[in-house]
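Worksheet: one structure, shown below.
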Amino acid sequence: MAVFHYKGRDQLGAKVNGHIEAANADGAASQLMGRGITPLDILAGRDSKAWWDQLQEQLRYRSIDLTDLIFFCRQMYTLQHAGVPILQGLRGLQASTRNPAFAEVIGGLAAALDSGLDLTGALRRYSKVFPRLFISLVEVGETTGGLDTAFLQLAQYLELEKETRQRLKSAFRYPSFVLIAIGAALLVINLFVIPSFATVYAGFGAELPWATRTIVAMSEFTTRFWPALLLGSAAVFIGTGFYIKGESGRLKWDRYKLKLPVVGDIIFAATLGRYARILAMVIRSGVPLVQGMSVISRAVDNEYVGQSIRDMRVGVERGESLTQTAAASGLFPAVVLQMLSVGEQTGVLDELMEEVAQYYEREVDYALKNLSTAIEPILIIAIGGLVLLLALGVFLPMWNMASVMGVGGAG
């Protein structure tokens with residue numbers, strides 16, 4: 001028996017959490033449902049592996065990316081569509097997969113199936129590799145006999161997700177290089193250039209301009225305390241990472257991301273597009289709306305938006321319409337609310353959500369193409385201000401000394 005940590009809601013809609021012993025996650029979910037608790041999240045407790053083994057396992061899983069999952073979904077769709085047994089198909093995929101870590105995972109799935117688990121239960125053993133949306137849609141596919149359709153939908157969704165991530169990386173590559181170059185230049189100037197000028201200016205004994213005093217003080221501070229600055233920066237970086245991984249920190253960070261200048265609107269549009277597309281997939285797959293909203297809340301990859309969706313789920317459980325709960329959340333713009341209302345009235349909510357997803361994906365694509373143009377003025381102003389400060393700090397004393405020497409020479 002293994003220990004599982006669960007989060008859920010009781011029959012009154014109140015949040016509950018705790019630990020439960022079960023043979024697997026499916027057994028834990030069945031026990032909770034028997035107690036009148038609707039499970040929202042079930043996580044396996046820490047095992048007895050050494051920390052070094054856990055770290056190695058985590059590093060191996062990091063090498064598994066969206067490309068591997070897309071390949072897996074496409075191959076599984078083909079095999080299922082052709083009527084190949086799942087266990088036989090997994091054995092073949094394990095032999096043909098180039099990523100050793102993913103081949104090991106597929107082998108684990110095959111072993112789990114061979115021991116009597118269904119595919120959903122096997123996938124839950126590798127929740128660090130397969131997202132919750134992935135597992136939920138496979139579960140629906142197994143239940144309804146449409147496993148090939150589930151894998152096809154997952155492949156199409158993951159391909160769009162990969163394309164969006166690649167566009168984001170491409171859009172942020174240029175600003176990142178510029179910021180790194182600025183940081184490296186500041187470091188070199190503070191550690192090597194300004195100290196040389198400061199030594200020369202100190203020999204004249206004249207009062208230095210404010211700009212020169214500012215950059216000399218910054219240089220002296222950096223030169224004297226650079227080990228502390230380095231350790232402090234590393235501590236802040238690591239501490240921020242741990243804070244963001246926590247429930248409260250993740251919520252605040254995801255909310256702040258949506259308000260960032262320039263990129264906040266892009267992140268928000270991408271999140272709404274992901275919400276609409278997953279909602280369409282969930283409805284089309286026949287997942288109950290209440291259960292589907294729990295899946296969506298985790299698949300949107302934003303804890304702030306996910307919390308709003310979980311609050312919407314409570315309203316749906318009380319008998320409110322999806323449009324009413326969405327309007328009450330204050331999260332969705334008018335166009336999405338209108339589409340939700342029309343979709344619920346006409347019974348084509350999945351088709352309209354697909355259109356909403358395509359609309360936001362086009363908006364994100366257009367915004368990413370113009371992101372460099374939007375960021376360039378900000379970078380130019382920042383670089384211009386830095387160059388102006390350095391120029392004033394370095395050359396003002398020279399001009400003052402030249403003026404003094406010129407007056408003295410004329411006298």
Side-chain angles (χ1 to χ4, degrees), residues 66 131 133 157 160-183 233 236-237 239-280 293 296-312 325-340 353 355-386:
L66 285 178
L133 173 67
Y157 169 75
L160 287 171
E161 187 73 10
K162 180 184 178 183
E163 184 179 350
T164 301
R165 292 184 183 183
Q166 288 177 339
R167 289 202 302 262
L168 281 169
K169 289 181 181 179
S170 177
F172 284 106
R173 188 175 293 119
Y174 167 70
S176 299
F177 286 157
V178 172
L179 292 176
I180 292 172
I182 292 175
S233 299
V236 169
F237 180 79
T240 303
F242 277 110
Y243 176 71
I244 291 176
K245 288 181 180 179
E247 186 173 346
S248 175
R250 176 71 183 274
L251 178 65
K252 292 179 180 178
W253 169 239
D254 284 348
R255 183 176 184 178
Y256 174 72
K257 281 193 301 187
L258 302 179
K259 299 180 181 180
L260 288 173
V262 182
V263 299
D265 291 339
I266 300 177
I267 296 174
F268 184 59
T271 304
L272 288 183
R274 188 179 291 115
Y275 163 81
R277 183 165 295 282
I278 299 172
L279 178 58
M293 291 181 72
I296 296 169
S297 68
R298 288 161 178 80
V300 292
D301 198 26
N302 186 291
E303 185 59 28
Y304 173 68
V305 177
Q307 186 182 54
S308 299
I309 296 173
R310 287 192 291 272
D311 292 339
M312 289 167 55
T325 59
S329 71
L331 182 68
F332 300 94
V335 62
V336 177
L337 296 176
Q338 184 177 2
M339 287 290 202
L340 285 171
M353 286 299 98
E355 293 182 12
V356 170
Q358 293 173 1
Y359 166 77
Y360 278 111
E361 286 162 2
R362 288 193 298 268
E363 288 291 310
V364 170
D365 187 38
Y366 176 79
L368 289 176
K369 289 179 180 177
N370 293 276
L371 183 60
S372 297
T373 305
I375 292 179
E376 278 178 5
I378 301 175
L379 295 177
I380 291 173
I381 292 173
I383 295 173
L386 176 63

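Just so it is clear, the structure is predicted and the values come from calculations on it, not from any experiment.
Pairs passing the salt bridge (Lys or Arg N to Asp or Glu O under 4.0 Å) check and including a residue from residues 259-278, sequence neighbours excluded, read Glu161-Arg274, Arg277-Glu354, Arg277-Glu361.
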Would you tabulate the side-chain donor-acceptor contacts of residues 330-339 under 3.5 Å, counting partners in other chains and residues two or more places apart, or write 'none'?
none

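Using a 4.5 Å heavy-atom cutoff, the side chains of Met293 and Arg310 are not in contact. Between Val305 and Leu258 there is a side-chain heavy-atom pair separated by less than 4.5 Å.
Closest approach of Val364 and Ala270 over heavy atoms only: CG2-N, 3.5 Å. Here the shortest heavy-atom pairing between Ala276 and Ala357 reads CB-N, 3.8 Å. Taking each heavy atom of Leu251 and Gln307 in turn, the nearest pair found is CD1-OE1, 3.7 Å. What you find for Ala326 and Ser329 is that their closest heavy atoms are O-OG, 2.6 Å.
Not counting sequence neighbours, Tyr243 has no partner by the ring pair (Phe, Tyr, Trp, His ring centres under 6.0 Å) test. Scored by the salt bridge (Lys or Arg N to Asp or Glu O under 4.0 Å) test, Lys252 finds no partners at all (sequence neighbours excluded). Under the rule for a side chain to side chain donor-acceptor pair (under 3.5 Å), Lys169 has no partner lying at least two apart in sequence or in another chain. Taking Glu363 as the reference, nothing meets the salt bridge (Lys or Arg N to Asp or Glu O under 4.0 Å) condition, with sequence neighbours excluded.
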Check against side-chain contact (heavy atoms from CB on, under 4.5 Å), Leu340 and Leu279: CA-CA 11 Å; Leu340 285 171; Leu279 178 58; 4.1 Å; yes
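Rounding to the nearest 0.5 Å gives a distance of 8.5 Å between CD1 of Ile383 and CG of Leu179. To the nearest 0.5 Å, atoms OH (Tyr304) and CZ (Phe268) are separated by 8.5 Å. Atoms CD1 and CD1, on Ile296 and Ile278 in that order, are 7.0 Å from each other to the nearest 0.5 Å. Distance check, rounded to the nearest 0.5 Å: CE of Met312 to OG of Ser297 gives 10.5 Å. Between Leu66 atom CG and Glu163 atom CD the span is 12.0 Å, to the nearest 0.5 Å. Between the CD1 atom of Ile244 and the CZ atom of Arg250 there is a distance of 9.0 Å, given to the nearest 0.5 Å.
A salt bridge does not link Asp365 with Arg362: every distance from a Lys NZ or Arg NE/NH1/NH2 to an Asp or Glu carboxylate oxygen is 4.0 Å or more.
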